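Encoded as structure tokens, the structure appears first; notes follow it.
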Amino acid sequence: MRRQVVDVTKQTFLKGALILIAASLITRFLGFVNRIVVARVMGEEGIGLYMMAMPTLFLATAITQFGLPTAISKRVAEADVRGDNDQIKKIVVVSLTVTLSISIIFVGVLYLAAPYLADKLLKDARVIYPLLAIGPVIPILAVAAVLRGYFQGKQNMKPQSFSQVIEQIVRISCTVFLVKFFLPYGVEFAALGAMISVLIGEFISLLYMFYQFKRKKTVKIRSQFVAALKGGKQTLERLFSIALPATGSRLVASGTHFLEPILTAQSLALAGVGTAMATRQYGELTGYALPLLFLPTFITNSLATALLPSISEANEQNRHQFVHYRIHQAIRLSFASGAIATVILTVFAGPILYYMYGSESAERFILLMAPFYLMMYIQMPLSTALQALDAAKSAMWNTIIGAGVKIILLVSLASNAKFGIIGVAISMIVTVVLITLLHLISLARVAGFRLSWKELGQMLGLLGLTAFSAHLLKGIFASSLYNLPTFLLLLLILTVLYLLFMLSFGFITRAEVEQFLSRKKR
């Protein structure tokens, strides 16, 4: 019988989530500082070139990581509750071998395909420079993903959190220098400098993660590495039972994201939009509007990250009622984090864009998309719950259906001169709403999970009361919205009111406060 060792680094669900939220808040703030600097220096065209290359990085990450971070977190959590350190070692060794092997192959393919991808598919040969800079990032991200999954499975969120902050600080420092250094040679070289900054930041972040992994000494990788790899067939099968569907979901999402700028460029060309204008419009949508819409996801992703090992552990112990409680909790907190952002972005889109980027050109996208993107904020916890309950295939098929609908709508609408770039935004909206609804249906089928009418009423009440307050404050401060101190005071007042509304509707309970303050793991 294995001796159970208490891991003092393990945090409760809420504490782990809060650590990730704090780190993500810092990194998002730093990331927005970075975007402001880059946007003001490079402009819409430079941002467009940079954003056209980013989907390739996302696709490479999805392929090389092979869905293993999710599988690692789940299987490590299950092995940890049994005290099976040998199994944990096999999980890490097998995962490192798989991800590194795939990443090396993909880098070679990327370098061969980069000229064709930039010139023929993306319709802008200048994109080749940031594309080439992606290559060295891929194996770095592969190794970091394995270490991240290991720490998540051990329910120790600190190493990942600190590494995120380190990566952003290094990236911003390098971006400020490299973008300005390369800009005189052209916006394409400025985009190259921004991508090199990503490389440097990820490398320093990986060094920190590896140091933390070595320092804990819970699992020694170098000793009997080959033996662990040879005996890892069953481990690989168990990982792949989660990783393959998760990879399918990520590949579909990343593949759609990869095709998005290509299909957008081709469709807008059919609609009579010139290359430079299409690049500019795509930069406004993906470089200005989407980062604001995705802002609350630092909270929802943090909740989802902490949710996976928590549900996996409870499911391993057959605590089904606790699983339902945890999913309800994650959805409630995710909605609460997204509702305030949705209201602020919808009501104050113009001033926010002006302060962030010095341009209100993306306001039409924010006003159209923000109300529907509230559904996205609960999507990640729902997907994570399905994966933790061994229903990753359902999450994958939901993503595939959503991606198919997105591609059809994007091509149909963006190629129509009446819609143009707005058609791309509409395709994104429909996809977000559809996938979220499909995840809810899957959870009802797999685990009998449903949102009660009371919960739906609380959500609508919180959203409606906050929206009413925001419009009221907008009328009071109408003449001072473009005065920064006054605008910040307005947001502060709205935030205080929102916190009071949250307490009134029970979005933060006394039990959760006690759980956070308690040292006992729940």
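Values in this document were obtained by computation on a predicted structure and should not be read as measured data. Position 1 is the first residue of the sequence, and the numbers go up from there.
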| request: Tell me, with the steps shown, if Val430 and Val405 meet side-chain contact (heavy atoms from CB on, under 4.5 Å). | output: CA-CA 8 Å; Val430 173; Val405 171; 3.9 Å; yes
| task | Output the distance between atom CG (Leu367) and atom CG (Leu345), rounded to the nearest 0.5 Å. | result | 9.5 Å
| query | Tell me, do Thr346 and Pro371 make a side-chain contact under 4.5 Å, heavy atoms counted? | reply | yes
| field | Expected output: side-chain Thr297 to main-chain Thr300 donor-acceptor under 3.5 Å | value | no
| field | Residue pairs, two or more places apart or on separate chains, that pass side-chain hydrogen bond (donor to acceptor under 3.5 Å, both in side chains) and touch residues 365-392 | value | Gln379-Thr436
| field | Check: Ser161 side chain, Ala23 main-chain N or O, donor-acceptor pair, under 3.5 Å | value | no
| request: Check the pair Leu438, Thr399 against side-chain contact (heavy atoms from CB on, under 4.5 Å), reporting the backbone distance first and the verdict last. | output: CA-CA 9 Å; Leu438 289 175; Thr399 305; over 6 Å; no
| Taking the side chain from Gln458 and the backbone from Phe505, do they hold a donor-acceptor pair closer than 3.5 Å? | yes
| Phe151 versus Met157: any side-chain heavy-atom pair under 4.5 Å? | no
| note | dist Asn301:CG -> Leu307:CG (nearest 0.5 Å) comes out at 12.0 Å
| task | Please state whether the rings of Phe449 and His328 are parallel, tilted or perpendicular, taking 30° and 60° as the class boundaries. | result | tilted
| query | From Ile166 CD1 over to Thr27 OG1, what is the distance, rounded to the nearest 0.5 angstrom? | reply | 12.0 Å
| Full working for side-chain contact (heavy atoms from CB on, under 4.5 Å) between Thr99 and Leu141 | CA-CA 9 Å; Thr99 54; Leu141 290 174; over 6 Å; no
| query | Any donor-acceptor pair under 3.5 Å linking the side chain of Ser337 with the backbone of Ser334? | reply | yes
| Is the number of heavy atoms from other residues, nucleotides or ligands under 6.0 Å of Tyr498 OH greater than 12? | yes
| field | Backbone N/O of Leu100 and side chain of Ser103: donor-acceptor pair under 3.5 Å | value | yes
| said: Checking Ser73 against Arg148: is there a side-chain donor and acceptor pair closer than 3.5 Å? | reply: no
| said: Show the nearest heavy-atom pair for residues Ala314 and Val323, with the distance to one decimal. | reply: CB-CG2, 3.9 Å
| query | Does His439 reach the main-chain N or O of Met380 with its side chain, forming a donor-acceptor pair under 3.5 Å? | reply | no
| field | Heavy-atom closest pair, residues Phe501 and Thr466 | value | CD1-OG1, 3.8 Å
| Given side chains that start at C-beta, do those of Met459 and Ile331 come closer than 4.5 Å, heavy atoms only? | yes
| task | Would you check if Leu382 and Leu386 make a side-chain contact, meaning some heavy-atom pair closer than 4.5 Å? | result | no
| Heavy-atom side-chain proximity of Leu503 to Leu499 below 4.5 angstrom | no
| message | Is it the case that the side chain of Asp80 and the backbone of Val76 share a donor-acceptor pair, with hydrogens and angles ignored and the cut-off at 3.5 Å? | response | no
| message | Tell me whether Ser205 contacts the main-chain N or O of Gly201 through its side chain, where contact means a donor paired with an acceptor under 3.5 Å. | response | no
| note | dist Ile138:CD1 -> Glu202:CD (nearest 0.5 Å) comes out at 12.0 Å
| Would you say the side-chain atoms of Lys474 pair up with the backbone N or O of Val347, donor to acceptor, closer than 3.5 Å? | yes
| Smallest separation among heavy atoms of Ala336 and Met502, with atom names | CB-CE, 3.8 Å
| said: Can you tell me which residue among Val432, Ile429, Leu292 is in a side-chain contact (heavy atoms from CB on, under 4.5 Å) with Met369? | reply: Ile429
| field | Within-4.5 Å side-chain heavy-atom neighbours: Val143 and Leu206 | value | yes
| query | Between atom CG of Asn156 and atom CD1 of Ile19, what is the distance when rounded to the nearest 0.5 Å? | reply | 7.5 Å
| Test item: side-chain donor near acceptor, Arg332 and Gln329, under 3.5 Å | no
| request: Return each pair, listed once, that meets side-chain hydrogen bond (donor to acceptor under 3.5 Å, both in side chains) where at least one residue sits in residues 403-413; pairs must be two or more places apart or across chains. | output: Glu260-Lys406
| What's the shortest heavy-atom distance between Val424 and Ala414, and which atoms? | CG2-CB, 3.9 Å
| request: Find the distance between CG (Leu263) and CD1 (Ile408) and round it off to the nearest 0.5 Å. | output: 11.5 Å
| task | Step by step, work out the side-chain contact (heavy atoms from CB on, under 4.5 Å) result for Phe468 and Leu463. | result | CA-CA 9 Å; Phe468 174 79; Leu463 185 64; over 6 Å; no
| Counting only heavy atoms not in Tyr208, do more than 12 fall under 6.0 Å of its OH? | yes
| field | Heavy-atom closest pair, residues Glu363 and Ala349 | value | CG-CB, 4.0 Å
| said: Do Leu473 and Leu491 have side chains that approach each other closer than 4.5 Å (heavy atoms only, starting at C-beta)? | reply: no
| field | Closest non-hydrogen atom pair, Tyr150 against Ile72 | value | N-CG2, 3.5 Å
| Test item: Ile422 and Leu413 side chains (from C-beta on) under 4.5 Å apart, heavy atoms | no
